[in-house]
Amino acid sequence: MSTTETEQVPLAPEDQWLEKLDFDKFKEDVDRLGKELKEREGPADEEHLHKIILWNRVLTIAGLCTLGLYPNIFTIVCLSLATFSRWTMIGHHVCHGGYDRSDTTGRYNRMKFALGSLYRRFMDFWDWMLPEAWNIEHNKHHHYSLNEEADPDLVEENLVVLREMNIPLPFKYLFVGLMMATWKWFYYAPNTYNQLAFDESKKLGNTHTLTERNFITLISLFNPPVWVSRSALLFKVLGPYFAYQFIILPLPLLVFFDRETYYNGMINLVLAEILTNIHSFIAIVTNHAGSDLYRFDTKCQARSAHYYLRQIIGSADFRTGGDLNDFMHGFLNYQIEHHVWPDLSMLSYQKSQPLVKQLCKEHGIPYVQESVFIRLKKTVDIMVGNSDMRRFPERFEPVVESKE
């Protein structure tokens with residue numbers, strides 16, 4: 001395995017495992033295990049998906065049936081978990097193709113799921129994000145540029161202004177808290193659309209540069225990048241979900257009951273929205289941030305040894321095992337396994353985790369697995385500038401082939 005021709009600076013103690021790694025044998029083992037896992041998928045994986053869908057529907061119905069009650073934790077948690085599971089488990093894994101091999105109905109195929117119309121978005125993947133935009137931002141740019149500067153979800157890069165801001169630390173923590181409660185509609189939905197619009201603009205021959213592809217937020221509606229349509233962001237991406245969730249959904253409470261019931265429903269919906277934002281932030285944003293995870297300075301070829309290695313040492317697993325535990329983590333507690341093989345089923349991730357952990361042990365590769373709350377602390381430390389990501393040693397970066 002060739003590496004860049006640079007002066008060999010002595011490795012830090014935490015990086016010395018790289019000198020012993022057999023890249024070719026590692027790739028061979030990862031490919032073999034991935035092939036075995038995919039070949040084993042079948043009816044059990046489809047059945048497991050429908051079990052998760054059933055849990056989601058039970059939570060949705062329970063939340064809606066109690067929507068008009070005085071604001072209460074039961075309704076709020078049910079609605080929050082319903083939204084959380086619809087994205088992180090159903091939408092996420094289906095859009096990656098995790099059920100293309102096992103789904104016998106054709107409903108949960110990534111080429112059809114939630115795509116093409118507002119109706120399909122509503123029925124399959126109803127959230128703030130436009131599914132087509134999320135597929136581009138997450139499945140393409142994030143997964144294949146993990147922890148590189150081009151990764152749109154690189155926390156250390158996206159929060160550089162906050163990290164360097166000369167303000168008291170408590171104010172930085174306050175900003176993080178506000179972001180946790182609002183991030184899906186304030187940052188993530190606009191930025192996923194930003195990535196889609198940028199890619200479509202490039203396909204039309206426009207000469208935007210990569211440095212122009214900065215992230216955007218809801219505030220960008222006042223001055224969007226040239227490739228972002230203000231009306232599309234407002235009326236195609238954010239508007240439909242807002243109109244349904246906070247106007248149409250609670251309206252029957254006002255029509256058939258009274259103002260008090262309607263106000264109860266609105267408060268329950270708003271509090272559930274805040275809770276699901278916080279829950280998803282804790283389960284998602286913490287996956288690839290921390291002083292013990294690596295970031296990278298070069299590109300690498302997909303499904304190469306370096307690619308597989310980056311998915312492992314740039315990701316962290318949480319506590320794994322058992323459908324209830326995994327449901328509460330959004331099945332994102334298998335982040336290492338998911339990034340190595342993005343198109344496996346949720347059941348396959350449960351089966352793969354101990355195998356990947358053992359594979360890493362055999363090859364001497366760091367395998368990070370900690371409580372999600374420990375990972376949250378490490379992520380916040382990155383966000384406010386208390387710590388930095390670990391830099392991958394330059395002399396072990398892959399050679400980037402010239403296109404000239």
Side-chain angles (χ1 to χ4, degrees), residues 31 33-60 82-144 146 153 188-189 192-193 195-196 199-200 203 236-237 240-241 244 280 283-284 302-303 307 311 323 326-327 329-332 334-335 337-352:
D31 285 336
L33 180 55
K35 184 173 183 291
E36 292 174 359
L37 289 165
K38 291 177 182 179
E39 289 175 347
R40 293 174 191 167
E41 291 187 344
D45 299 87
E46 183 179 24
E47 181 179 342
H48 183 261
L49 170 63
H50 286 288
K51 175 183 177 179
I52 299 301
I53 292 173
L54 176 62
W55 288 12
N56 170 267
R57 289 175 178 171
V58 169
L59 288 165
T60 302
T83 302
F84 175 76
S85 57
R86 188 166 53 243
W87 174 23
T88 62
M89 284 165 266
I90 302 169
H92 180 207
H93 293 93
V94 172
C95 287
H96 269 294
Y99 295 92
D100 286 2
R101 289 177 296 275
S102 58
D103 173 41
T104 58
T105 67
R107 166 80 184 277
Y108 300 102
N109 184 285
R110 65 177 153 185
M111 304 305 294
K112 302 176 182 178
F113 188 79
L115 302 177
S117 68
L118 180 60
Y119 173 75
R120 284 264 54 95
R121 176 185 175 187
F122 178 78
M123 295 299 296
D124 295 340
F125 188 175
W126 189 234
D127 213 313
W128 290 102
M129 297 79 67
L130 186 69
E132 291 88 345
W134 187 78
N135 285 343
I136 292 295
E137 190 272 354
H138 178 80
N139 296 3
K140 177 184 175 183
H141 289 294
H142 169 61
H143 268 262
Y144 292 96
L146 179 65
D153 298 332
Y188 201 54
T192 53
Y193 179 68
Q195 296 292 321
L196 174 65
D199 279 20
E200 290 180 341
K203 288 179 182 178
K236 184 178 181 179
V237 180
Y241 188 79
Y244 175 81
S280 59
I284 295 172
R303 289 173 288 280
Y307 170 83
Q311 311 315 305
D323 280 346
D326 294 346
F327 188 92
H329 286 87
F331 275 80
L332 302 175
Y334 299 96
Q335 195 65 197
E337 293 72 25
H338 171 61
H339 263 260
V340 174
W341 306 292
D343 59 342
L344 291 183
S345 70
M346 289 179 279
L347 186 59
S348 286
Y349 289 129
Q350 290 180 325
K351 296 175 181 177
S352 70

Distance (rounded to the nearest 0.5 Å) between Asn135 CG and His96 NE2
8.5 Å
In the structure I gave you, are the side-chain heavy atoms of Leu115 and Arg120 within less than 4.5 Å of one another anywhere?
no
Derivation and outcome, side chain to side chain contact (heavy atoms under 4.5 Å, CB included), residues His138 and Thr192:
CA-CA 8 Å; His138 178 80; Thr192 53; over 6 Å; no
Atom pair CG/OH of Leu118 and Tyr241 - distance to nearest 0.5 Å:
13.0 Å
Test item: side-chain donor near acceptor, Ser348 and Glu41, under 3.5 Å:
yes
If I compare all heavy atoms of Arg110 with all of Asp100, which pair ends up nearest, and what's the gap?
NE-OD2, 2.9 Å
Between Phe327 and Ser85, the two heavy atoms sitting closest are CZ-CB, 3.5 Å
Once rounded to the nearest 0.5 Å, what's the spacing between atom OH of Tyr99 and atom CZ of Arg107?
14.0 Å
Exceeds 12 heavy-atom contacts within 6.0 angstrom, atom NZ of Lys351
yes
Hey, does Ile90 have a side-chain heavy atom less than 4.5 Å from the side chain of Asn56?
yes
Could you grab the distance from atom CZ of Arg40 to atom CG of Leu344, nearest 0.5 Å is fine?
11.0 Å
So, applying side chain to side chain donor-acceptor pair (under 3.5 Å) with Gln335, which one of His339, His338, Glu337 is it?
His339
Kindly assign one of parallel, tilted or perpendicular to the pair Trp134 and His92, based on the angle between their ring planes and the thresholds 30° and 60°.
perpendicular
In short, Asp103 meets Thr105 closest at the heavy-atom pair OD1-OG1, 2.7 Å
Contact between Arg121 and Pro240 at the side-chain level, heavy atoms closer than 4.5 Å - yes or no?
yes
Start with the C-alpha distance between His48 and Phe331, add both sets of side-chain angles, then the distance that settles ring-ring contact (aromatic ring centres under 6.0 Å, His included), and finish with yes or no.
CA-CA 12 Å; His48 183 261; Phe331 275 80; 5.6 Å; yes
Please confirm whether the ring centroid of Tyr244 lies under 6.0 Å from the ring centroid of Phe122.
yes
Side chain proximity check, Arg303 to Tyr144, heavy atoms < 4.5 angstrom
yes
For the student: nearest non-hydrogen atoms of His143 and Pro342, plus distance
ND1-CG, 3.8 Å
Side chain to side chain, Leu54 and His50, heavy atoms closer than 4.5 Å
no
Do Asp127 and Arg86 meet the salt-bridge criterion of a basic N to acidic O distance under 4.0 Å?
no
Using 30° and 60° as the class boundaries, would you call the ring planes of Trp87 and Tyr188 parallel, tilted or perpendicular?
tilted
Let me confirm one number: the CG-OG1 distance from Asp326 to Thr88, rounded to the nearest 0.5 Å.
11.0 Å
Residues at least two apart in sequence or cross-chain that pass ring pair (Phe, Tyr, Trp, His ring centres under 6.0 Å) with Trp341, listed by chain then number, are none
Which atom names give the shortest non-hydrogen contact between Asn109 and Val94, and what distance separates them?
N-CG1, 4.4 Å
Which atom pair, heavy atoms only, marks the closest approach of Phe113 to Cys95?
CD2-SG, 3.9 Å
What verdict does the salt bridge (Lys or Arg N to Asp or Glu O under 4.0 Å) test give for Lys51 and Glu47, after you've listed the backbone C-alpha separation in whole Å, the side-chain angles of each residue and the deciding distance to 0.1 Å?
CA-CA 6 Å; Lys51 175 183 177 179; Glu47 181 179 342; over 6 Å; no
Can you find a heavy atom in the side chain of Leu130 that is under 4.5 Å from one in the side chain of Leu196?
yes
Counterpart residues, side-chain contact (heavy atoms from CB on, under 4.5 Å), relative to Ala189 (two or more places apart)
Trp128, Met129, Val237, Leu238
Any donor and acceptor pair, going by atom type alone, linking the side chain of Gln195 with main-chain N or O of His141 inside 3.5 Å?
no
Would you say the side chain of Ser102 lies within less than 4.5 Å of the side chain of Tyr108, judging by non-hydrogen atoms?
no
Can Asp124 and Lys112 be counted as an ion pair, charged N to O under 4.0 angstrom?
no
Does any non-hydrogen side-chain atom of Asp323 lie less than 4.5 Å from one of Met346?
no
Kindly check if the number of other-residue, nucleotide or ligand heavy atoms within 6.0 Å of CZ (Arg101) is above 12?
yes
Between CE on residue Met89 and CG on residue Leu332, distance to nearest 0.5 Å:
7.5 Å
Side chains of Ser345 and Asp45: do they bring a donor and an acceptor to under 3.5 Å?
yes
